[in-house]
**Student:** 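Sharing a structure below in structure tokens format, with a few things to ask.
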Amino acid sequence: MSFTFDGADCSWPSPEELAKVQEIREKCAAELAALSESPRDVVGDIRVARFLRFYGGKVPEASKGFSDFLKWRVKENIDVLRKGIIDLNREQFHEWVDSVRSPFAPVLVPFFGETQDTEMLALIDATHLGRETLPIFVPEVRKFAQDNMKQIMEHYCDQDILILLVNAPFIVRLVLAFATTFMARRQSNRIRVFSSATGTEIQKILRAIGPPTMFPESLAGSTLGFQLLAWQLGELRAMAFLKAQRIAPGHRLKSCQRCKKFGKDVQQLSDIFSPFESRAELAALPQSPRDVVGDIRIARFLRYCGGKVPEAATGFAEFLKWRVQEKVDVLRQGIIDLKPDEFIAWVDSVRSPFAPVFVPFLGQSKEGHIVIFAAPGYFKATQFVNKRPACHTMENDLMLARAGVEYMMKLVDDNSYERHQMLYSIKVIDAAHLGRETLPIFVPEIRKFAQENEKQMMDMYCDQDILILVLNASLIVRAVLAFATTFMAKQQSNRIKVFASATGKEAQKTLRAVGPLSMFPESLGGTRKAEDIPFYFPLAQDDEKRIEEWMSRTTSGITRHGATSPPGTSPASDGELTWQMQGKRTEAEGEKEIQLDEPAPSGGLLCCSH
């Protein structure tokens, strides 16, 4: 076979794995006893081993995942749901699905063949996707996916060896390129996307799956029609699908999974990780600053985990371990107590001139929330990767990004204690011109960088945003974000608002709640000149002097050992920085009248066209 299905380990569980499987069963004894039935495909060695492999062979994590799965089955009566259909042969099952599904539902065939090695895989034909209203732009379908998709992926983990998406238009490839940066590598490695079904590489893969007679003509096969397709996304008539649900009240959207609504909340296991797991990690810290270990920081983990102490303790312990492993406390020395203008000046002295426009402090709201500004449309991703001195690698940029978040979190913490309320950051993103330069996710080094670090940063610095406001967003940007938020927890997606224009009534109302016009650039309907915003002016093509200075550097401004000595500093004997600057942090001028509430528990992504 010319193509090898290597997206997953297909070997039979080893003796060591089987021993761990038994250990998982012992930890989940109570949940197993609560099942009304114990079929092999639910509790057998292979099913438990899937959880074990999904969690990288780690018994505690696999036990938690398997326990959640078993509790969910009991709560949702899954064993009752499958009675009468689980033992049907494939043809009978297809006939039953056809008898109960909506005629407007997406084309999904749960079994249309198998490879020579009997592997099960997902084959998706994206032909005509966009001809009908995109499902992510239909609120009910979005909500349905958001409530159920992540849950199903977690409970039916490690099932796919390959997800093959063929005939994908540009917008689909862009959305998936963005989405896979937030997936674990073992998941993203199983996804292959092709713009055509006739290319050499895709045909090699299809031939490895099966003969041309298995596939329809749209996949360069010889079978007519769509009756054999695994997924035919372009044939989903989302609006008609919803109208049909309204016409037939006995079979609503929530009934499309065998007339059974999946639960929105999965009960979390509380006895695997001790609530006091963080004690050892706290003792291991070289320093214990308030913004890292104080009540407000720990409360962020608690709120992020829905008030559940075991999960919050686990998250906080991971955060502390990560800080020690990555020497984050060393990284921030010498810069964490700078005033905002001093910190921005330091960032400007060490950043690449091709780096994305990201201002860690634009100002603050009347309530004290820190306002951050970004303009990704000016990011020269290709030059950012290729034009850099040998002393400044992508790792140096990672250190700079961490320093920026550490500094921002320190400001938020200081303001929270000063005002005696839980404060957050507000990210204001100007998406104008995004696409004029090469999109970052299409630059391999940037994709790899994001994939390895983005999710980790989000986990470690959790519950920091009260609002992420994206303005001047093109259709493709709105589609990407609409898709991405379906895989986010609702508490995260509720904080994101997206507008096609910055000048619309709703967008301007939201901006006024953040701050006065004088805080924002003219591109957002504000009165602030671009030259008055740090890093905002895009690098001129003829700015040879700055580029030459950048390329001639022999030392980077920041490493894993912390900041080096930019202007205004002198190195201390122990390698730390002693900043020759004095003065107190000044607050931004011109604050806003309207107050922002704490992150709401309900709501959703707001995509506006005005």
Side-chain angles (χ1 to χ4, degrees), residues 281-282 284-301 316 319-351 358-364 368-372 395-419 422-425 427 453 456-457 460-465 534-535 556-588:
E281 286 74 24
L282 282 167
L285 290 176
Q287 300 176 17
S288 300
R290 183 183 65 180
D291 65 295
V292 174
V293 300
D295 291 346
I296 291 295
R297 190 57 168 268
I298 298 175
R300 294 190 188 280
F301 283 88
F316 186 57
F319 166 69
L320 298 177
K321 291 176 184 176
W322 172 78
R323 292 186 72 87
V324 172
Q325 177 184 334
E326 297 297 319
K327 295 182 171 58
V328 179
D329 290 308
V330 175
L331 170 69
R332 66 188 238 157
Q333 288 175 1
I335 59 174
I336 199 65
D337 292 319
L338 295 176
K339 294 185 295 183
D341 57 342
E342 294 169 344
F343 180 77
I344 288 173
W346 171 76
V347 171
D348 194 36
S349 72
V350 298
R351 71 189 285 270
F358 181 82
V359 184
F361 183 85
L362 188 69
Q364 62 185 39
H369 302 299
I370 301 302
V371 181
I372 298 168
E395 182 177 274
N396 298 110
D397 289 306
L398 175 61
M399 297 305 107
L400 185 56
R402 288 177 180 172
V405 180
E406 282 285 309
Y407 184 80
M408 181 272 296
M409 292 298 288
K410 174 69 161 53
L411 288 183
V412 170
D413 189 79
D414 287 345
N415 282 6
S416 294
Y417 279 98
E418 181 181 333
R419 299 178 181 237
M422 194 85 150
L423 296 175
Y424 298 82
S425 67
K427 290 185 174 69
N453 299 291
Q456 182 187 64
M457 293 276 282
M460 297 300 106
Y461 297 101
C462 64
D463 205 52
Q464 60 169 290
D465 301 310
F535 323 135
S556 177
I558 188 168
T559 70
R560 283 189 177 273
H561 302 292
T564 55
S565 302
T569 68
S570 60
S573 58
D574 59 355
E576 299 176 7
L577 282 182
T578 301
W579 281 83
Q580 308 301 320
M581 297 180 176
Q582 301 294 330
K584 297 181 180 179
R585 182 177 300 115
T586 58
E587 295 189 357

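All values below were derived from every heavy atom in this structure, side-chain atoms included, with hydrogens, water molecules and symmetry-related copies excluded. Just so you know, these numbers come straight off a predicted model, no measurement behind them.
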**Student:** When the aromatic ring centroids of Phe343 and Phe361 are compared, is their separation below 6.0 Å?
**Tutor:**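 For Phe343 and Phe361, the ring centres are not under 6.0 Å apart.
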**Student:** Quick one: does Arg300's side chain get under 4.5 Å of Tyr461's, heavy atoms only?
**Tutor:**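 No, too far: nothing below the 4.5 Å cut-off.
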**Student:** Who pairs with Leu398 by side-chain contact (heavy atoms from CB on, under 4.5 Å), at least two apart in sequence or on another chain?
**Tutor:**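 Testing Leu398 for side-chain contact (heavy atoms from CB on, under 4.5 Å), a comparison that skips the adjacent residues, returns Arg402, Phe449, Asn453.
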**Student:** Would you say Val350 and Met399 make side-chain contact, with heavy atoms under 4.5 Å?
**Tutor:**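 No; the side chains remain at least 4.5 Å from each other.
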**Student:** Nearest 0.5 Å please: distance from the CE atom of Met408 over to the CG atom of Asp291.
**Tutor:**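 Separation between the atoms: 11.0 Å.
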**Student:** Residues in ring pair (Phe, Tyr, Trp, His ring centres under 6.0 Å) with Phe358, at least two apart?
**Tutor:**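 Per chain and number, Phe358 pairs via ring pair (Phe, Tyr, Trp, His ring centres under 6.0 Å) with no residue.
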**Student:** Looking at every non-hydrogen atom in both residues, tell me the closest pair between Ile370 and Pro360 and how far apart they are.
**Tutor:**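 Looking at all heavy atoms of both residues, the shortest contact is CG2-O, 4.0 Å.
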**Student:** So, for Asp413 and Arg297, which heavy atoms are closest and what is the spacing to 0.1 Å?
**Tutor:**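 In terms of heavy atoms, the two residues are closest at OD1-N, 4.5 Å.
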**Student:** For residues Ile335 and Tyr407, determine if any side-chain heavy atom of one lies less than 4.5 Å from a side-chain heavy atom of the other.
**Tutor:**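 Contact flag for Ile335/Tyr407 side chains = no.
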**Student:** Give the intermediate values and the outcome of side chain to side chain contact (heavy atoms under 4.5 Å, CB included) for residues Gln456 and Trp322.
**Tutor:** CA-CA 10 Å; Gln456 182 187 64; Trp322 172 78; 3.3 Å; yes
**Student:** Taking all atoms of both residues into account, what is the closest heavy-atom pair of Arg419 and Gln364, and its distance?
**Tutor:**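 Looks like NH2-NE2, 3.5 Å.
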**Student:** Looking at His369 and Leu423, would you say the former's side chain and the latter's main chain have a donor-acceptor pair under 3.5 Å?
**Tutor:**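 Side chain of His369 to backbone of Leu423: no pair is present.
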**Student:** Please report the interatomic distance CE(Met409) to CD1(Ile296), rounded to the nearest 0.5 Å.
**Tutor:**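 That separation rounds to 10.5 Å.
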**Student:** Suppose we screen for salt bridge (charged side-chain N to carboxylate O under 4.0 Å, His left out). Which residues come up paired with Asp295, at least two apart in sequence or across chains?
**Tutor:**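 None.
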**Student:** Heavy atoms only: give me the nearest Trp346-Leu338 pair and the separation to one decimal.
**Tutor:** CB-CD1, 4.5 Å
**Student:** Does Asn415 reach the main-chain N or O of Gly368 with its side chain, forming a donor-acceptor pair under 3.5 Å?
**Tutor:** yes
**Student:** Taking all non-hydrogen atoms of both residues, which atom of Arg290 and which atom of Asp414 are closest, and how far apart?
**Tutor:** NH2-OD1, 3.3 Å
**Student:** Using the test salt bridge (charged side-chain N to carboxylate O under 4.0 Å, His left out), find all partners of Arg351 that sit at least two apart in sequence or belong to another chain.
**Tutor:**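 Applying salt bridge (charged side-chain N to carboxylate O under 4.0 Å, His left out) to Arg351 gives none.
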**Student:** Which pair of non-hydrogen atoms, one from Asp463 and one from Met422, has the smallest distance, and what is that distance?
**Tutor:**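 Looking at all heavy atoms of both residues, the shortest contact is OD2-CE, 4.3 Å.
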**Student:** For Ser425, which residues count as a side-chain hydrogen bond (donor to acceptor under 3.5 Å, both in side chains) partner, sequence neighbours excluded?
**Tutor:**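 Result, side-chain hydrogen bond (donor to acceptor under 3.5 Å, both in side chains) vs Ser425: Asp465.
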**Student:** Checking Arg323 now: which residues fulfil side-chain hydrogen bond (donor to acceptor under 3.5 Å, both in side chains) with it, not counting sequence neighbours?
**Tutor:**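 Asp329, Glu406.
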**Student:** Going by the rule side-chain hydrogen bond (donor to acceptor under 3.5 Å, both in side chains), which residues pair with Asp397 if we only count those two or more places apart in sequence or in a different chain?
**Tutor:** Arg388, His392
**Student:** Rounded to the nearest 0.5 Å, how far does CG of Leu411 lie from OG of Ser416?
**Tutor:** 10.5 Å
**Student:** List in chain and number order the residues that pass side-chain hydrogen bond (donor to acceptor under 3.5 Å, both in side chains) with Glu395, two or more places apart in sequence or in another chain; answer none if no residue qualifies.
**Tutor:**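 So Glu395 forms a side-chain hydrogen bond (donor to acceptor under 3.5 Å, both in side chains) with Arg560.
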**Student:** So Lys410 and Pro289, do their side chains get closer than 4.5 Å, heavy atoms only?
**Tutor:** no
